There are 2 protein chains.
Amino acid sequence: MNAVVRRLREQGYRLTPQRMAVLQAVLKGPGHLSAEDIYQQVADAFPMMSLATVYKTLEVLRDLGEVVELSVEGQARYDGNPRPHVHLICEKCRAVMDWSAEVDFPVAEAAIVASGFRPSYYRLEVYGLCPRCQASDDGKAPVPPQVGLKNGEGRVEEAK
Amino acid sequence: MNAVVRRLREQGYRLTPQRMAVLQAVLKGPGHLSAEDIYQQVADAFPMMSLATVYKTLEVLRDLGEVVELSVEGQARYDGNPRPHVHLICEKCRAVMDWSAEVDFPVAEAAIVASGFRPSYYRLEVYGLCPRCQASDDGKAPVPPQVGLKNGEGRVEEAK
DNA sequence: TCTTTGTTGATAATCATTTTCCACAAAGAT
DNA sequence: ATCTTTGTGGAAAATGATTATCAACAAAGA
Ligand SMILES: [Mn+2]
Ligand SMILES: [Mn+2]
Ligand SMILES: [Zn+2]
Ligand SMILES: [Zn+2]
């Protein structure tokens, strides 16, 4: 947190209460929030905060590499942990969870480089159902949102 | 192609010229096209084609599992190859390329299942610079972090 | 305190995607 | 072939997330 603040100043960015608030919401709040989520969180302490400012601040943090922007159902989510890690994404409630086990890069990086492509990072997301949504047998239970899930790539053997 | 047509009828969908055109553009075209791209492609043969119809048709094909929808820079791209494969995505020109090498499920599935999550499929995308964009060295090249993953214990960290 | 600029916030503008509504056409039946 | 039913296409409007504007403001430095 202090380290992020330091880097902000080093890069010439000003330290404003709004930026501190967004930063805190992203780093200390429940992770993987949307811009709107962050706006709501911050609105408590800063009722005058504008949603546009939230977006602008997140853009700054993203360009600095302090937060990672991911996309869930076409909506941006922000991760305060910029280190590469796997995400488990629930197709029903859209919750995003970290899978913090060490994962070997699944593709031979050398082979990709040899092909002429220059990789910089990768993104690995596992889609499925979170425990809570499995329990609720048909949508009767309190499972917040739901929309038709998008199809993806790479089918995995169905767990039985 | 014929197989897809067969499955369309089996599911009770009608076989219309518009659907054939979209299907052909997705299956035989350059791949990973946006809805707008497909619309332009199809517009040659069907000047009366509506963009809304392209979207509707792509939704049908997606729900049937015949095409895969991926998101690049917040924009939907459609892949006529529903088989699991890795994508190489250029951060500069946004080209999407297939990495045809076989890839094992990159995370210990048993461990994920043991954690309570029920996986159904995964998505693996490698970001970087395509050969063509490396050649034209005009733009910015922030050279982000390395590709390797290193994390702690194999545990799911759910966002509260 | 003065100056310089980066930043904010309210609002309008974008832009991809979805929804509406209805004429129309594809199948199936008569 | 004609009738019926019902899915489908087209045009336009609606949506919803994100971005652009721009005048007023405030953070840093002098
Ligand atoms: Mn995360
Ligand atoms: Mn592909
Ligand atoms: Zn869930
Ligand atoms: Zn490129």
Side-chain angles (χ1 to χ4, degrees), chain A residues 5-23 25-26 32-40 42-43 45-64 67-78 94 96 145-151, chain B residues 5-23 25-26 32-43 45-64 67-78 94 96:
Chain A
V5 171
R6 189 187 321 122
R7 263 161 283 171
L8 269 173
R9 317 194 71 128
E10 283 175 0
Q11 296 300 317
Y13 290 102
R14 288 182 184 171
L15 224 300
T16 66
Q18 290 89 341
R19 281 180 178 164
M20 290 298 288
V22 170
L23 197 51
V26 171
H32 316 108
L33 298 177
S34 68
E36 181 66 38
D37 291 335
I38 295 171
Y39 174 61
Q40 295 301 337
V42 170
F46 297 83
M48 71 297 292
M49 165 75 76
S50 169
L51 179 57
T53 298
V54 173
Y55 275 106
K56 289 172 188 165
T57 303
L58 289 171
E59 184 185 22
V60 167
L61 296 175
R62 192 222 307 147
D63 292 347
L64 283 178
V67 306
V68 170
E69 179 184 292
L70 43 144
S71 177
V72 179
E73 289 278 318
Q75 185 183 199
R77 300 287 194 89
Y78 298 88
R94 322 244 172 295
V96 177
Q146 89 159 335
V147 183
L149 64 89
K150 315 277 187 186
N151 290 314
Chain B
V5 170
R6 189 186 319 122
R7 263 163 282 172
L8 270 173
R9 316 196 72 127
E10 284 175 0
Q11 296 299 318
Y13 290 101
R14 289 181 185 171
L15 224 302
T16 66
Q18 289 90 342
R19 282 180 179 164
M20 289 299 289
V22 170
L23 197 52
V26 171
H32 314 109
L33 298 176
S34 69
E36 181 68 36
D37 292 334
I38 296 170
Y39 174 60
Q40 296 301 337
Q41 284 239 337
V42 169
F46 297 83
M48 71 298 292
M49 165 74 78
S50 169
L51 179 57
T53 298
V54 173
Y55 275 106
K56 289 172 186 168
T57 302
L58 289 170
E59 184 185 21
V60 167
L61 295 175
R62 183 189 61 194
D63 291 346
L64 282 178
V67 306
V68 170
E69 179 184 292
L70 42 142
S71 177
V72 178
E73 293 275 318
Q75 187 182 198
R77 301 287 194 89
Y78 297 88
R94 279 157 219 166
V96 177

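In this text the structure is predicted, and so the values were computed from the model without any measurement. In what follows, every chain begins at residue 1, and chains take the letters A, B, ... in the order their sequences are listed.
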> What closest approach, in Å, do Ser34(B) and Tyr78(B) show between heavy atoms, and which atom pair accounts for it?
Replying inline: C-CD1, 4.4 Å
>> With a 3.5 Å cut-off and heavy atoms only, can you find an N or O donor on one side and an acceptor on the other between the side chain of Lys56(A) and the base of dG9(C)?
In response: yes
> On DNA chain C, nearest-nucleotide positions of Met49(A) versus Tyr55(B): which is more 5'?
Replying inline: Met49(A)
>> Please report the interatomic distance CG(Leu33(A)) to CD(Gln40(A)), rounded to the nearest 0.5 Å.
In response: 11.0 Å
> If you look at every heavy atom in Ser50(A) and Tyr39(A), which pair is closest and at what distance?
Replying inline: C-CE1, 3.8 Å
> Looking only at heavy atoms, which two atoms of Phe46(B) and Ala21(B) are closest? And how far apart?
Replying inline: CE1-CB, 3.5 Å
>> Please check this pair: side chain of Arg19(A) against backbone of Arg14(A), looking for a donor-acceptor N/O pair closer than 3.5 Å.
In response: yes
> Can you name the nearest heavy-atom pair linking His32(A) to Val96(A), along with the distance?
Replying inline: ND1-O, 3.1 Å
>> Just the rounded figure in Å: distance from P of dA10(C) to OH of Tyr39(A).
In response: 7 Å
> Under the side chain to side chain contact (heavy atoms under 4.5 Å, CB included) criterion, do Thr57(B) and Thr16(B) qualify, and how do the steps go?
Replying inline: CA-CA 10 Å; Thr57(B) 302; Thr16(B) 66; over 6 Å; no
> Minimum heavy-atom separation for Ala25(B) to Val42(B), with atom names?
Replying inline: CB-CG2, 4.0 Å
> Between which nucleotides of DNA chain D, 5' to 3', does chain A make heavy-atom contacts below 4.0 Å?
Replying inline: dA17(D) to dA28(D)
> What's the spacing between Glu10(A) CD and Leu64(A) CG if we round to 0.5 Å?
Replying inline: 10.0 Å
> Between Leu33(B) (CG) and dA16(C) (P), how many Å, whole number?
Replying inline: 15 Å
> What is the base-pairing partner of dA30(D), counting Watson-Crick and G-U wobble geometry with both distances under 3.5 Å?
Replying inline: dT1(C)
> Within this structure, what is the CZ-to-C1' distance between Phe46(A) and dT7(C), rounded to whole angstrom?
Replying inline: 14 Å
>> Measure CG/Leu51(B) against P/dT17(C) and give the value in whole Å, please.
In response: 9 Å
> What is the distance, rounded to the nearest whole Å, between atom CD of Gln75(A) and atom C1' of dT18(C)?
Replying inline: 16 Å
>> Does anything in residues 5-17 of chain A come within less than 4.0 Å of DNA chain D? Heavy atoms only, and list the residues if so.
In response: Arg9(A), Arg14(A), Leu15(A)
